Number of protein chains: 2
Amino acid sequence: MARRSDHTREQLKEIAILAGQELLAESGFSGFSAREVARRIGYTVGTLYHVFGNYDAIVLHINAVTLDDLEAFLSEGRGKKRQGAAAIKHLAARYEAFARRNYHRWSALFEHRLPPEMPLPAWYAEKVARIFSAVEAPLTPLVGEEKAHHAARVLWASIHGICALGLAGKLDIVGAKSIASLTDSLIDNYLAGLTDG
Amino acid sequence: MARRSDHTREQLKEIAILAGQELLAESGFSGFSAREVARRIGYTVGTLYHVFGNYDAIVLHINAVTLDDLEAFLSEGRGKKRQGAAAIKHLAARYEAFARRNYHRWSALFEHRLPPEMPLPAWYAEKVARIFSAVEAPLTPLVGEEKAHHAARVLWASIHGICALGLAGKLDIVGAKSIASLTDSLIDNYLAGLTDG
DNA sequence: ACCTGAACACCGTTCAAGT
DNA sequence: ACCTGAACACCGTTCAAGT
């Protein structure tokens, strides 16, 4: 055996990432494995390692697709031209909806930890930054550019924390309504303090 | 071999949890394994399974110790009798300090996910509830009991989100000061909105 | 050059069989 | 009753050897 060349290196990457996305969605991060991805695309694990280098790189590429999907999902319905608190609430609701509908894929974004010696690739960090800027944009007219940068980080990390603990069942609350009531409270009061203070 | 009875069932649990804590602190959750715990206490994996039942139960018991340590750490220096925002800021600073000093053990609290069919044991949920009540207490005189319950969840999940993303390097910020500046902003403005609004 | 197959050093889980 | 040892079905990673 050997030398199949059914696919180019790029095609191989693509079908592996696609199969990986499906596996992740079905089985969650704990059920995910490079070997199973290899099986699903009809290649050996060895081939996957030739193409991606290591396990973390495989996961990183799959998570990158999730990040793209998340960004696209967040920006849907942006035609409405909401402002201030309403714009942030809309983003928070979309974030929760995405996390709920794609729980395994969304979870993997945070369950996967790179080994400390392996820094986040720049192309991945940029995707994260783009999501932050979506939160920052509606804040800028409210509090100015400098404060908006800071406030976007506070709000986004907080909304993430509420969704993460809430969906994991660690907040002593039930259902979607409760998560939304927490994020609404956060956004209303934080922005009130920020603009009134 | 077989029948050693060097330890009672309870002693076995105890030394296993202790060894597990150490392993977790050294190697992190990804480097943790029941087999290695067994090796460290000089018993077989089989024995560990007889005593705990399964892998998740082992992790749960180890995380419970971390939760106890966290609660103890949070309540240190409570003699100062801080009130309102100052009390919450103190808790947030302690939370971040604990997460930083015990990163692997703290991380495992959230990296470990129970299989969906296995609900959180009541004794574990109670430990989580006790931590929430520590946040709730200084809020009650400010906004009343009912609002305090809700606000404690908002604040605690938000502080957690900021620490989690911040310590994982996903907030585009550097150092302890930055995390504190985010949690301070959160607490000041959220409480301002809550009491003024 | 591309890919395989096998090896290595691990996992969680189960359970017959020893003492 | 208590504990072991081995088995089973998996992992990530590496790399000589085929085509």
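Quick caveat, the model's predicted, so the values are computed rather than measured. Chain naming here is simple, since letters A, B, ... match the order of the sequence lines and numbering starts at 1 in each.
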Sorted by number, the residues of residues 23-43 of chain B with heavy-atom contact under 4.0 Å to DNA chain C:
B/S33, B/A34, B/R35, B/R39
So which of residues 45-61 of chain A are in contact with DNA chain C, with a heavy-atom cut-off of under 4.0 Å?
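Contacts with DNA chain C under 4.0 Å: A/G46, A/T47, A/H50.
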Identify, with sequence neighbours excluded, every residue that meets salt bridge (Lys or Arg N to Asp or Glu O under 4.0 Å) alongside A/E71.
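Salt bridge (Lys or Arg N to Asp or Glu O under 4.0 Å) check on A/E71 returns A/R130.
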In chain order, what residues pass the side-chain hydrogen bond (donor to acceptor under 3.5 Å, both in side chains) check against B/H104, with sequence neighbours excluded?
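Counting only residues at least two positions away or on another chain, B/H104 forms no side-chain hydrogen bond (donor to acceptor under 3.5 Å, both in side chains).
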Here DNA chain D, pairs taken as Watson-Crick or G-U under 3.5 Å and shown with ( ), [ ] when crossing and | when to another strand, reads ||.|||||...|||||.||
Take the angle between the ring planes of [X] and [Y] and call it parallel below 30°, perpendicular above 60°, tilted in between.
| X | Y | answer |
| --- | --- | --- |
| B/F98 | B/F73 | tilted |
| B/F32 | B/F29 | parallel |
| A/H160 | A/Y95 | perpendicular |
| B/H61 | B/F52 | perpendicular |

Go through the side-chain N and O atoms of [X] and [Y] and say whether any donor and acceptor fall under 3.5 Å apart.
| X | Y | result |
| --- | --- | --- |
| B/Q21 | B/T66 | yes |
| B/S107 | A/R113 | yes |
| A/Y190 | A/S158 | no |

Filter on salt bridge (charged side-chain N to carboxylate O under 4.0 Å, His left out), then keep only pairs touching residues 183-192 of chain A, sequence neighbours left out; what's left?
A/K89-A/D188
